[in-house]
Asks: 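Please see the structure below; I have some questions.
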Amino acid sequence: GDSVTQMEGPVTLSEEAFLTINCTYTATGYPSLFWYVQYPGEGLQLLLKATKADDKGSNKGFEATYRKETTSFHLEKGSVQVSDSAVYFCALTSTGNQFYFGTGTSLTVIP
Amino acid sequence: DSGVTQTPKHLITATGQRVTLRCSPRSGDLSVYWYQQSLDQGLQFLIQYYNGEERAKGNILERFSAQQFPDLHSELNLSSLELGDSALYFCASSGTGGGLQTQYFGPGTRLLVL
């Protein structure tokens, strides 16, 4: 079945450091891929998405490219800020109805 | 604020009991999803309703059930509760429930089973 594997955390970075959070997936069809962010005490918010191979999703300085050949959708940001501290979830859906989430990666950015 | 509301915010109960979690979707959204977030299993999709009808089912236990009412709010019923049911339960809503509709998540209900 469909699944998402996400890099284990927690991740701690200094402000302005480069961020990569790895995400790989397994899917039987042609899924759409997502990154969600969860700030402390809140629900998940959509950060970015990509619908087909080679699409790049981007938002708030974050980027992720849908790589079909490596079944990956790694999240990157060139310069993180303290306000980026949160838990990040990679997710996919092949049907638009059932969504599969990774286990989440906690990011802490220190000044 | 996503526009999705969930009540109660916190719930403490005992093993063997039954509880009901409530979700009101964003205005105009027809689809509601329920998720369970626990420390050991991450975020697990439970079930989806669209305009009152069940559309997709995930890892939902038989002790759990859900429904969506004509006014589109949804309830998740958890019965014969066990310690392992302690988790954050999220509701999300989307417009039509298909394709690439963005899901908007509520703030969650934290359930503690003692």
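Within every chain, numbering begins at 1; the chains are lettered A, B, ... in the order of the sequence lines, protein sequences first and strands thereafter. Below, each value reflects all heavy atoms present in this structure, side chains not excepted, and no hydrogens, waters or symmetry copies.
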Asks: Tell me whether A/E69 at atom CD has more than 12 heavy atoms from other residues, nucleotides or ligands lying less than 6.0 Å away.
Replies: yes
Asks: State the CZ-CG distance between B/F45 and A/D2, to the nearest 0.5 angstrom.
Replies: 12.0 Å
Asks: Evaluate whether atom CZ of B/R26 has more than 12 neighbouring non-hydrogen atoms of other residues, nucleotides or ligands under 6.0 angstrom away.
Replies: yes
Asks: Quick one: do B/L88 and B/L111 end up in the same hydrophobic cluster if we chain Ile, Leu, Val, Met, Phe, Trp and Tyr together by side-chain heavy atoms under 4.5 Å apart?
Replies: no
Asks: Got a second to check how far B/Y35's OH is from A/F99's CZ, nearest 0.5 Å?
Replies: 5.5 Å
Asks: Can you tell me how far the CD atom of A/Q98 sits from the CG atom of B/L46, to the nearest 0.5 Å?
Replies: 10.0 Å
Asks: Is any side-chain heavy atom of A/Q38 closer than 4.5 Å to one of B/F90?
Replies: yes
Asks: Are more than 12 heavy atoms, taken from residues, nucleotides or ligands other than A/F18, located less than 6.0 Å from that residue's CZ atom?
Replies: yes
Asks: For A/E8, look at atom CD and say whether over 12 heavy atoms of other residues, nucleotides or ligands are found less than 6.0 Å away.
Replies: no
Asks: Contact between A/Y36 and B/Q103 at the side-chain level, heavy atoms closer than 4.5 Å - yes or no?
Replies: yes
Asks: Using 0.5 Å steps for rounding, measure from the CG atom of B/L43 to the CG atom of A/L44.
Replies: 6.0 Å
Asks: Is A/F89 close to chain B through its backbone or its side chain, or both, or neither, when contacts mean heavy atoms under 4.5 Å?
Replies: side chain
Asks: Just wondering, more than 12 heavy atoms not from A/E16 lying within 6.0 Å of its CD?
Replies: no
Asks: In Å, rounded to the nearest 0.5 Å, how long is the span from CD of A/Q45 to OH of B/Y104?
Replies: 10.5 Å
